[in-house]
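First the structure, in the form of structure tokens, and then the observations on it.
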Amino acid sequence: MTLASGIVLAGTVAAAGPAAAEEVPQSPGGATATSGGLKTYGAAVVRENGEEQRVSAGLFEMSVEGGGTLHTYCVDLYTPTQRDARYQETPWSGTSLHGNEDAGRIRWILQNSYPKVNDLAALADKAGAAGLTEQDAAAGTQVAIWRYSDGADVTAVNPRAEKLADYLEENARDLAEPEASLTLDPPAVSGRAGERLGPVTVHTNADSVTVTPPADAAADGVRVVDEDGAAVTTASDGSKLYFDVPEDAADGSAALTVQASTTVPVGRAFASETRSQTQILAGSSESTVSATAVANWATTGAIPALSAEKNCAAGGVDITAANQGDEPFSFELMGTEYTVAAGVTETVTVPVGEDQAYDFTITGPNGFEQRFKGVLDCATATSTGTGTGTSEGGTGIQTLGEPTPVAAGAPAATGVDLAETGSSGATVLIGGAAIALVVIGGAALIIAGRGKAPGEE
């Protein structure tokens, strides 16, 4: 049987595969949060092509799912913020920071400025900015970050904030990307019934994590155990977890979840699946973090384990397929059929355009279906289009709704600039947005495939 595949470009996101397909986000775990907009900010001026535009610059606040608060700065000046956008803790490799040689300097700025450093008098003394306020500190920090994240010609309107921005830019040093708050590696495993499937290793900065076993598989006697076979309810960094599947268990799958309360490391990136501007963490309260791992098992045949990760360096999504069965597993991506031999793991990169939404399902034997969806956002936008150097046209920085931009030097409305309207659901932005913005849902990548059963052609 020929495997089906296709690309669909449509005005709305198209469904991919049967409704029963398990939908898997491209997230290795960590904190998930909803943006509450700018909370502490001042004004800045962006200069480009002989024009000046006044924008709001400062600190965002996010509410963490399960409890907690995050404070972030923007690292994508020309991309709009979507109201109530949902964000996920993301490695730099899955964001515009992946190819930015100055990403480490941005982390240094975060470690050495507000709100990580909340002694404003000491910060002002270092920067030569006596009288520094929280608004000045937030604006100056954001301006310094934009100079490295977007290469922007931007200055803070307030002289104190500008002195801080100059101090941070001049003294920034390269720092390594911080470790994730919580991940499971690998996020998918497979094997035969009657075996322990794994290990799945816990990586976290929390003292301990709570392990939630696969409730749906309890009737089949599937347990989460440690290396000695003992049932597990808690774990710590480095712990190895296994799915203990009885020999008489029906072919199937299950998922375990680990959760903890911890502070998310400063410098972690946060990306949205709704093409809302990428953020970088400046501070975290004690917050809820989680991660999930999936196991598939069968008695015979191909037994696939699939996971996906955004690969900005390669311009696509990496699909990793591990086959722990005794027969090959075949699937199709972008018109090419792939076969993973028994006992082998292979990774295939699916090309996805910048800012393009993708949504595809891979199916296999024993009713196996796994769906992956998201948006590839790997480049900072420009004032003439989204994605650095990828678009033409446009008229420079502008909002997508009220209020209209304020010319540099003109008075700004109290508490309102380009950052937020404070009313309506209109899309607004920090620092403006490209007129040629690609609307999410305007393009969707659909890939469907199924594994060959023995004897099929």
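Everything quoted here is computed from the prediction, not taken from an experiment.
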When rounded to the nearest 0.5 angstrom, what is the spacing between CG in Asn171 and CD1 in Ile109?
10.0 Å
Gly198 to Val189 - nearest heavy-atom pair and separation:
CA-CG1, 4.1 Å
Under 3.5 Å, is there a donor-acceptor pair between the Arg275 and Thr79 side chains?
yes
Under the side-chain contact (heavy atoms from CB on, under 4.5 Å) test, residues paired with Ala305 that sit two or more places apart
Ala188, Ser190, Ala322
My understanding is that only residues two or more places apart in sequence, or in another chain, count here; which of them pass side-chain contact (heavy atoms from CB on, under 4.5 Å) with Ala138?
Thr40, Leu59, Tyr73, Tyr114
Please check if the side chain of Arg83 supplies one atom and the backbone of Thr81 the other of a donor-acceptor pair under 3.5 Å.
no
Yes or no on side chain to side chain contact (heavy atoms under 4.5 Å, CB included) for Thr210 and Thr233, after CA distance, side-chain angles and deciding distance?
CA-CA 6 Å; Thr210 300; Thr233 57; over 6 Å; no
Please list all pairs passing the disulfide bond (SG atoms under 2.5 Å apart) test where one or both residues lie in residues 221-263, with sequence neighbours left out.
none
If only atom types and distance count, is the side chain of Asn49 paired as donor or acceptor with the main-chain N or O of Glu51 below 3.5 Å?
no
Set of side-chain contact (heavy atoms from CB on, under 4.5 Å) partners for Ser285, sequence neighbours left out
Thr69, Ser287
Can a salt bridge be assigned to the pair Glu247 and Arg196 using a cut-off of 4.0 Å between side-chain N and carboxylate O?
no
Counting distance only, does the side-chain N/O of Asn311 pair as donor-acceptor with the main-chain N or O of Gly315 below 3.5 Å?
no
Check the side chains of Ser208 and Thr234 for a donor-acceptor pair under 3.5 angstrom, ignoring hydrogens and angles.
no
Does the side chain of Tyr148 come under 3.5 Å of the side chain of Glu101 through a donor N or O and an acceptor N or O?
no
Minimum heavy-atom distance Leu110-Gly267, with the two atoms named:
CD1-CA, 3.9 Å
Which residues pass the salt bridge (charged side-chain N to carboxylate O under 4.0 Å, His left out) test with Asp244, not counting sequence neighbours?
Arg223
Within a reach of under 6.0 Å around CD of Gln111, are more than 12 heavy atoms found that belong to other residues, nucleotides or ligands?
yes
Between the side chains of Thr274 and Ser272, is a donor N or O closer than 3.5 angstrom to an acceptor N or O?
yes
All heavy atoms of Phe270 vs all of Tyr87, minimum pair found to be O-CD2, 3.4 Å
Answer yes or no: is there an ion pair linking Arg268 with Glu179, defined by an N-O contact shorter than 4.0 Å?
no
Just how far is it from atom CZ of Phe60 to atom OG of Ser35, taken to the nearest 0.5 Å?
6.0 Å
Is there a side-chain contact between Glu309 and Phe372 in this structure, where contact means two heavy atoms from C-beta onward sitting under 4.5 Å apart?
no
Heavy-atom check, side chain of Leu168 versus side chain of Thr141, under 4.5 Å:
yes
Under 3.5 Å, is there a donor-acceptor pair linking the side chains of Thr347 and Thr320?
yes
Side-chain donor-acceptor distances from residues 256-265 under 3.5 Å, at least two apart:
unit_1 : atom_1 : unit_2 : atom_2 : d
Thr257 : OG1    : Thr292 : OG1    : 3.4
Thr262 : OG1    : Asn205 : OD1    : 3.1

Side chains of Gln88 and Thr32, donor plus acceptor under 3.5 Å
yes
Set of side-chain contact (heavy atoms from CB on, under 4.5 Å) partners for Thr201, sequence neighbours left out
His203, Lys240
How far apart are the closest heavy atoms of Arg192 and Trp297, and which atoms are they?
C-CB, 4.4 Å
Is there a donor-acceptor pair closer than 3.5 Å between any side-chain N or O of Thr204 and the backbone N or O of Ser181?
yes
How would you list, by chain and number, every residue that makes a salt bridge (charged side-chain N to carboxylate O under 4.0 Å, His left out) with Arg147, sequence neighbours excluded?
Glu162, Asp166, Glu169
Just so I know, are the side chains of Phe360 and Ile319 near enough to count as touching, which here means a heavy-atom distance under 4.5 Å?
yes
Does a side chain donor of either Thr380 or Asp76 reach within less than 3.5 Å of an acceptor in the other side chain?
no
Is there side-chain contact between Val202 and Leu241, with heavy atoms separated by less than 4.5 Å?
yes
Is any side-chain heavy atom of Val348 closer than 4.5 Å to a side-chain heavy atom of Asp318?
no
What pairs meet the disulfide bond (SG atoms under 2.5 Å apart) rule with one or both residues in residues 284-314, with sequence neighbours excluded?
Cys312-Cys378
Identify, with sequence neighbours excluded, every residue that meets salt bridge (charged side-chain N to carboxylate O under 4.0 Å, His left out) alongside Glu286.
none
What closest approach, in Å, do Ser284 and Leu70 show between heavy atoms, and which atom pair accounts for it?
OG-CD2, 3.6 Å
Over all atoms of both residues, closest heavy-atom pair of Trp108 and Arg173
CB-O, 3.2 Å
Tell me which pairs pass disulfide bond (SG atoms under 2.5 Å apart) where either residue lies in residues 238-287, with sequence neighbours left out.
none
Heavy-atom side-chain proximity of Asn100 to Trp92 below 4.5 angstrom
no
Residues that Glu195 engages under salt bridge (charged side-chain N to carboxylate O under 4.0 Å, His left out), provided they are two or more places apart
none
